[in-house]
Amino acid sequence: MNLESLIHAQLDGEITPEQHAQLEAILREDWQARRFYLELADQHARLLQQPQISTGKLSGESKHPHSLTNHSPVPIRLPIKSLLAAAAAIALGFALWTREAPAEVEATSNGVAMLSQTMNAEFAQSPLRSGDTITPGIIKLSKGLAQIEFFSGATALVEGAAEIEVISAWEARCKSGRVRVHVPPAAKGFLMHAPGMKLEDLGTEFALNVKDDTSAVHVFDGEVIAHTSESKRESLKQGMSLTSAKLTVTPQDFLPISELQGLMKQRQEQRFAEWQSWSQQMGKDPRLIAYYPFKHWENDRWDRMVNNFAEPRQPRSDGGAVGAQWTQGRWPEKAALEFKRPGDRVRLNLDGTYSAITLACWVKVDSVDKKYNSLLLTDGYDNGEPHWQIHEDGSLMFSIMYRPADAPKSVKYNQMYYSKPVFAADSLGRWHHLAVTYDNESGKVTQYFDGQEVGRQVSKIHVPGRDITFGPCEIGNWGLPTAGHLFPIRNLNGAIDEFAIYKSVLTADEVRSVFEHGRPE
């Protein structure tokens, strides 16, 4: 018996000792099975409290691979017996859960600062990008500019090449390079260490240059208390410097923090122009089924139209925005659609059948607040129709339906694929590139997050050669949920900037290239 059948046998009080041992072994080894077990037990108990429901088994999208093939529902026999079985099942599940899996707690962050802006920045260690939360540790900037905003309120503009150690929200150390620090009144007392000195900021702006274990500091505004290695305490006020014979510092050596915004604006305009040129060429890719860059044809001024820019033009596959509002995209000049309410969506109708597909989009997720959060869903869920979503645990979720001709309509035979979790507290509210590929011969599904592979699977129930089709479908919502589904509300909470649908599998290098050409920085 598969996992779902074992669970239902337990819930209906009909499980044999051998089946019970098999179920317990599966639950001990697989935390996803334990979660699925508790979900079914809870749903079973809820249904038993509703007299109009005459079945104790549920069909629907399930996370665990053992549950991909379901069986026909059977009637509930004795409510008391079933309730006791459900209670025992939940108790058993919790016992296994607490024994083998860590308790779920609210997401936390160990960050003490944020990388608020970068310009032409390259980091010697792990790649960083604007919006990343910074935990205590070393940051090595090889080139470019990086602005760090400490949670205390202090801001440091670092110029490469430089090495900065972030100690806490109130303390940092410059080991080498140039840094300009602004400390507002709320961050008074911020400490910046450097070779031979410790700088206690009293609400000011100063610059620090460190080279060959020698330090030089210049105060632009306010006051800094410099504690030197000779145990001296020196007050440095506006216009004053503390230098050594080996190293000097002048105001002209440092970029004012206020000028970074102007440079960033120029860089954004340049990146947007580069993307526009690339986007025009991308629209000519013959593998495209549809390409929605979220802009309008020059002669189309109806703002609810979401034009398909794949060439040659295919007006039949233009989309229509419903509810969703236009907002700023990856750049100030770029438009995107924001999805917030249950009615927000983009309606599409995509004709044709295909043997392989790639779905790719730029998305800014504000919250993963539902069990399933739509990227692209077909109306209903018929044979060959793909569903692309974000699961409640932050993973990317792709599924496709293939139901045998003689199977009851109420039973689902859907292939389910999950990436590792990619959306967490630190990745929300920022633009990310998502992609998934599916080939109907091999059955392989590969999922990508910001150009990097995050999942690769083949379903155990895959049968080669079955067609893929879309028909009426929606971006950011589920137009016609399956009747009686437990989770019909799936609207995205966030914004989508660009959406492409291909009739072939893009290679990993091609997905990475799409990400690199479209990344905001």
Side-chain angles (χ1 to χ4, degrees), residues 112-123 134 138-230 232-264 267:
V112 297
M114 175 182 290
L115 186 64
S116 57
Q117 294 188 96
T118 63
M119 181 174 176
N120 300 325
E122 293 183 7
F123 296 91
I134 299 174
I138 302 293
I139 296 176
K140 293 182 179 180
L141 180 65
S142 301
K143 59 176 290 189
L145 299 172
Q147 181 171 293
I148 301 173
E149 295 182 1
F150 293 83
F151 290 172
S152 62
T155 299
L157 179 58
V158 185
E159 301 182 40
E163 183 174 344
I164 301 292
E165 180 184 2
V166 175
I167 301 173
S168 73
W170 291 88
E171 195 171 4
R173 176 178 286 107
C174 180
K175 296 190 171 185
S176 65
R178 300 191 301 182
V179 58
R180 184 163 180 157
V181 180
H182 176 77
V183 178
K188 181 180 178 181
F190 181 83
L191 295 177
M192 175 64 75
H193 299 267
M197 65 177 68
K198 178 177 69 174
L199 305 172
E200 180 183 356
D201 199 295
L202 302 182
T204 183
E205 188 170 348
F206 68 91
L208 180 64
N209 190 7
V210 176
K211 185 177 181 180
D212 299 329
D213 289 329
T214 305
S215 306
V217 61
H218 177 84
V219 178
F220 294 105
D221 186 28
E223 181 181 8
V224 169
I225 302 299
H227 304 267
T228 65
S229 55
E230 292 82 15
K232 294 181 180 179
R233 183 178 185 276
E234 186 172 347
S235 174
L236 303 177
K237 297 186 178 180
Q238 182 175 346
M240 298 177 65
S241 300
L242 180 62
T243 65
S244 69
K246 297 180 180 179
L247 191 65
T248 60
V249 58
T250 63
Q252 292 74 27
D253 294 334
F254 295 86
L255 176 71
I257 292 178
S258 59
E259 290 187 12
L260 181 60
Q261 289 294 335
L263 293 175
M264 287 298 301
R267 177 58 177 160

Is the shortest heavy-atom distance from the side chain of [X] to the side chain of [Y] under 4.5 Å?
| X | Y | result |
| --- | --- | --- |
| F123 | L141 | yes |
| V166 | I139 | yes |
| L242 | T228 | yes |
| T155 | Q147 | yes |

By side-chain hydrogen bond (donor to acceptor under 3.5 Å, both in side chains), which residues pair with [X], not counting sequence neighbours?
| X | value |
| --- | --- |
| E234 | none |
| E223 | S235 |
| E200 | H227 |

Nearest heavy-atom pair of [X] and [Y]: which atoms, and what distance?
| X | Y | result |
| --- | --- | --- |
| A113 | I148 | CB-CG2, 3.8 Å |
| A187 | A154 | CB-N, 3.7 Å |
| A172 | F150 | CB-CZ, 3.8 Å |

Kindly write out the residues that satisfy side chain to side chain contact (heavy atoms under 4.5 Å, CB included) with E165, not counting sequence neighbours, or none if the list is empty.
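Once residues adjacent in sequence are excluded, the partners of E165 under the side chain to side chain contact (heavy atoms under 4.5 Å, CB included) criterion are I138, I167, R173, K175.
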
Test side chain to side chain contact (heavy atoms under 4.5 Å, CB included) applied to A162 - qualifying residues, sequence neighbours left out:
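Once residues adjacent in sequence are excluded, the partners of A162 under the side chain to side chain contact (heavy atoms under 4.5 Å, CB included) criterion are V158.
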
Who are the ring pair (Phe, Tyr, Trp, His ring centres under 6.0 Å) partners of F206, not counting sequence neighbours?
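With sequence neighbours excluded, F206 shows a ring pair (Phe, Tyr, Trp, His ring centres under 6.0 Å) to no residue whatsoever.
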
Among H218, Q238, R180, exactly one meets side-chain hydrogen bond (donor to acceptor under 3.5 Å, both in side chains) together with E205. Which residue is that?
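For E205, the side-chain hydrogen bond (donor to acceptor under 3.5 Å, both in side chains) test succeeds with only one of H218, Q238, R180, which is R180.
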
Rounded to the nearest 0.5 Å, how far apart are [atom1] of [X] and [atom2] of [Y]?
| X | Y | atom1 | atom2 | value |
| --- | --- | --- | --- | --- |
| I225 | L236 | CD1 | CG | 7.5 Å |
| L208 | L199 | CG | CG | 6.0 Å |
| E159 | K143 | CD | NZ | 14.0 Å |

Return the set of residues passing salt bridge (charged side-chain N to carboxylate O under 4.0 Å, His left out) with R267 (not counting sequence neighbours), or none when no residue passes.
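Result, salt bridge (charged side-chain N to carboxylate O under 4.0 Å, His left out) vs R267: none returned.
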
Dump the intermediate steps for side-chain contact (heavy atoms from CB on, under 4.5 Å) on V179 and L157, then the final yes or no.
CA-CA 6 Å; V179 58; L157 179 58; 5.9 Å; no

Let me check something: any side-chain donor-acceptor pairs from residues 188-198 under 3.5 Å, sequence neighbours excluded? List them with distances.
| unit_1 | atom_1 | unit_2 | atom_2 | d |
| --- | --- | --- | --- | --- |
| H193 | NE2 | E171 | OE2 | 2.5 |

